[in-house]
Every structure is written in structure tokens, then in C-alpha cells.
Amino acid sequence: MSNSAQTSASSRINALLDENSFVEVGSYITARATDFNMTDKETPADGVITGYGTIEGSLVYVYSQDASVLGGSLGEMHAKKISNIYSMAMKMGAPVIGLIDCAGLRLQEATDALHGFGQMYLNQAMASGVIPQIAAVFGTCGGGMAVSSAMADFIFMEEKKAKLFVNSPNALDGNRIESCDTSSAAFQSGDTGLVDFVGDEDTILNQIRTLVTILPANNEDDMSYSECEDDLNRICTGLENCVGATDIALAQISDNGFFLEVKKAYDPSMVTGFIRLNGSTVGCVANRTEVYGDNGVKDGEYEAVLTSHGCEKAESFVAFCDAFNIPILTLVNVKGYKASKCTERKIAKTAGRLTYAFANASVPKVSVIVGEAYGTAYLTMNSKSIGADVVYAWPTASIGMMDPVAAAKIMYADEVAGADDSLSLINEKATQYRELQSSALAAAKRGYVDDIIDACDTRKRVIAAFEMLFTKREDRPDRKHGTV
């Protein structure tokens, strides 16, 4: 396979790709630097194995860093090999997968190594939105390599041994790794939202294979279709009970229950992930108020509100789907914005960016209002007003400016203050307001909802909507790019 011995770097490639499909590129390349006694040091493949192979028959390009060669440090030729793989992948329109175990910049090569890093960054920037980029961290990923990983579309991280950081935890003022390991998979997935998937090495490699099989190969040719073996008209009995647990709802409506959740540990009140409908990949965004474990026990509850982290998470996911022409399904259950000092620092900006992402996306967009849909938070969640192509609502959905009881208290404040039985009056006025302004029927009469559907029919109605939208074409204003 390589001039280097059979290392973990090559073993990972063998475990990731289809059997005997890997072809190495640049196996004889070694470091060309001579300063600091580099001529006396063996650098097989210059610490990175590069090449191409297949996953379930689909072409992918791979680089895998070898920590046994100068700690996997990135030097001039190391970076050039990765850049070469990117160049080939762009020409062929195939994903790039990086298996990372890198001690950082190779100090002995200084500016040559820096230039190589810069060329890598440039290649990643040019590939963004053209081919999927996947990074998987198995060992150290520090400094500039952490920036490179962050430029990928999806990041996987080994849960125990992997370290991802720009600054080492102990280099942070007032911090020790024992008290707060900012380089850990738990921190990078749950606190920062940088990492999408966490698990042991075997799990990560299997997850990468699954992800590659459902993603388009590039932004023009979609080879991710598969034959649907599930009933397209299958009734999803009991789906109305999943208003809070929308991740379960998405799994139920998907072909054969398939659901791959992205950034699961980061702000669970917002769900992002992929399902299959009639054999096609669909990106999903949903509000979530309940989380259940594998044993069926409720693990957590959340308000039906937008948070800054949730908006940030959804915005990047929607942008990815739009770049690769993946249709978007939204399940809506939101009544406003989270009210806290921490959230207030960013919520206006992140909600603005999510609104822009949905409005700017030209792919087929379908929304299903499953619970509450109040105020401008509802507008942000892929409403008809900002460009959703088809909007459905369950019969029990409530759509409007705010909760009917709160609206009645404001609108009839004087009457309530002078009433003998204020509670009865509020309930009476709230009922009237709900019927006239906040029901699914009221929204449908005004054209903001296309149809009111039974929850059990969601799968077949959503599939039919996406089939109708398959040939959608929608132009955007002539511009270089938006600035939101």
C-alpha cells in the first residue's frame, strides 16, 4: 500500500473503503527539506497516505495521516499530497474524506509548511459547495489542522483519544485540562457544535460509509438515489403523539425508519438530519421539546422556542442542503424566542441568518406545522411567507401571532379588569381568537397553509409534494452572494 509500514493510517483506509478498492497516489513522496538534520530522518509517504477508492461502489478520495511519521506533522510535501487529492476530486466530482491524526505544523519546514497549509485552505475553500468534504479526527488535531477540519462539511471525532483544539486546554488562562477539556469530543460536539458525530473508531468509519451513501457525489450529479422498498402510502399510526419528539416523527415517516441525525449533542431543541423518502435523500430541520433515550424513557424537555445555538445549527445545515440540491423538510413547533441574557447576545443575528438560509434556498422546501407556530419565530422556520413551496398543518396545529390566551389578555385588558369572572371571560375571548386567527383552518383560509392533513398521512403527503417539486427551478437575483 505504501512505503510506510502497515499503520493505523492505512488500516483506517482499509476499514473505510470497499475491499481491495483503494489505489494509493504519491506513495514514493517524502520530505524534501534538509534543514535541522531532516536528511537523516525517514519520512515514508511524508506522513500521509493519499489515494482513491469506493464506498458502496461510489468513488471517494481519501487522505489518512500517519502519526508514526514525525507525529503526523504537516510539512510542505504532506500538504501538497492533500492538495493534489483535492484537485483530482474536484475534476471527478467526488467527495474527499480526511482521516486526521496530526501533531500540527512541521517546525523544521517553517514557511514551506505554512505555504502548504495555505494551499490546502485554498483548495478546501474552492471545493466548498462543489463536493462533500468529510473530516474524521482519530488522534491529535490542533492549530491550523483544526481550522482545516472546521472547513469540512461534516466532522467525526473519536470519543476517547481524539483531541481537537486551536489552543491547547492548558494554554488557556485559568483553565486546566482536568477541569475543562476544551479539546475533547464531548466539548467540541456538545459545547461548540463543531463536531457532528462522536463514537468509537469502528462506529465512526461505519457512520462515514452511511453518510457517503446518502449524499450526492457533487453539486451537479446526484448519485444518492436508491430503490425504495417501503410502502409510499404507509400510514404512520400514532404520529400525532410525536409533536415534541420530532426526531422520532422523522424516523417514522422515513423509508424503513432511516434517520441520520447531525450535531445531535448540540442544542437538542433543534433537530437536523437526513431521512429517505421514496429512495431520495431529504434534509430535515425540526423543533424538538422532548428527548427520549433508546429505552423509551424521557431524557429531557425543552421549550418550544428558537435559541441562538439552535438557529446556528439549522442555518449551516440548510446551507449545505441547498448547495448540494438536497430537498428540505421542516417540522414546525415553535412559539417564540428563548428569553435569556445569554441567548439575547446572538439570537437576532442567528435567527436572521436562519431566516436568510431558508429564504435563499432554491431547493424544494416542504413544511409541516405539527404543533404551535407563533410570531416571527414561526416565519423563520421555513414558512410560506419566506418561500416554502408547500405547507401542511396537522388539525391540532395553532398558527398565529401568539398564544390565544395571551392575546385575549392583551386585547381585552380593560374588560378583564372590570369583569366579575375574569377567567371565564379570558377563556371565552381566547376561544374566539383561536377560531378566527390562530387555528390551522384560519391560516388555510388565508392561503398560508396549503392543506390540513391527518398526522398519520404525513409520509404519503410529503412524498407526493416532493415528487411534484422534483423539477423545481427558481432563479435568484443576479449577485455575487448574500451578506447576511
Side-chain angles (χ1 to χ4, degrees), residues 93 128-132 153 214-228 230 232-233 250 253-255 258-260 262 271-286 314-332 353-370 373 378-393 443-444 446-453 457-482 484:
S128 182
V130 179
I131 55 173
D153 296 307
I214 65 169
L215 292 181
N218 55 66
N219 65 336
E220 293 181 347
D221 299 320
D222 190 351
M223 299 164 62
S224 63
Y225 296 109
S226 64
E227 190 69 29
C228 178
D230 200 350
L232 302 184
N233 296 311
L250 290 169
I253 67 174
S254 179
D255 296 350
F258 174 83
F259 177 52
L260 182 63
V262 177
V271 178
T272 54
F274 297 105
I275 64 172
R276 290 279 211 176
L277 292 175
N278 193 16
S280 298
T281 298
V282 175
C284 301
V285 177
E315 181 268 331
S316 62
F317 183 79
V318 170
F320 173 84
C321 290
D322 187 47
F324 289 94
N325 299 308
I326 299 172
I328 298 170
L329 170 65
T330 312
L331 301 188
V332 182
R353 285 177 172 168
L354 178 56
T355 304
Y356 173 82
F358 273 125
N360 188 57
S362 59
V363 295
K365 296 176 287 188
V366 175
S367 279
V368 182
I369 302 171
V370 301
Y378 150 59
L379 295 182
T380 292
M381 287 296 296
N382 196 26
S383 63
K384 175 74 78 171
S385 306
I386 66 168
D389 298 299
V390 177
V391 177
Y392 295 129
R446 291 166 169 82
Y448 305 131
V449 167
D450 293 299
D451 201 0
I452 299 171
I453 64 173
D457 292 333
T458 301
R459 171 176 162 81
K460 67 178 183 180
R461 295 301 300 271
V462 168
I463 288 176
F466 280 123
E467 287 292 302
M468 178 271 292
L469 293 166
F470 183 74
T471 56
K472 176 187 175 183
R473 297 292 183 270
E474 186 176 8
D475 292 330
R476 288 291 181 265
D478 186 15
R479 61 185 174 188
K480 192 171 184 179
H481 56 76
V484 176

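Starting from 1, each residue takes its place in the sequence as its number.
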### Query
Between L277 and V462, does a side-chain contact (heavy atoms from CB on, under 4.5 Å) hold up when you go through it step by step?
CA-CA 8 Å; L277 292 175; V462 168; 3.6 Å; yes
### Query
Is there a side-chain contact (heavy atoms from CB on, under 4.5 Å) between T330 and C284 once you walk through the steps?
CA-CA 6 Å; T330 312; C284 301; over 6 Å; no
### V366 and F466: CA distance, side-chain angles, deciding distance, side-chain contact (heavy atoms from CB on, under 4.5 Å) verdict
CA-CA 8 Å; V366 175; F466 280 123; 3.6 Å; yes
### Message
The test is side-chain contact (heavy atoms from CB on, under 4.5 Å); show your working for I386 and T380 and say whether it passes.
### Response
CA-CA 8 Å; I386 66 168; T380 292; 5.7 Å; no
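The minimum heavy-atom distance between V390 and D450, with the atom names listed, is CA-OD2, 3.3 Å. Taking both residues in full, the closest heavy atoms of N382 and S367 are given as O-OG, 2.6 Å, listed atom of the first, atom of the second, then distance.
The side chain to side chain contact (heavy atoms under 4.5 Å, CB included) check on S226 picks up R276, with sequence neighbours excluded. Scored by the side chain to side chain contact (heavy atoms under 4.5 Å, CB included) test, N325 finds V363 as partners (sequence neighbours excluded).
Looking at R459 and D255, a side-chain N of the basic residue comes within less than 4.0 Å of a carboxylate O on the acidic one, giving a salt bridge. A salt bridge links D451 with R461: the closest approach of a Lys/Arg side-chain nitrogen to an acidic carboxylate oxygen falls below 4.0 angstrom.
Under the 3.5 Å distance criterion, the side-chain polar atoms of D153 are left unmatched by any main-chain donor or acceptor of F320. Remark: the backbone N or O of D389 is paired with a side-chain donor or acceptor of K384 at under 3.5 angstrom.
Classification of the F317-F274 ring pair by plane angle, with boundaries at 30° and 60°, yields tilted.
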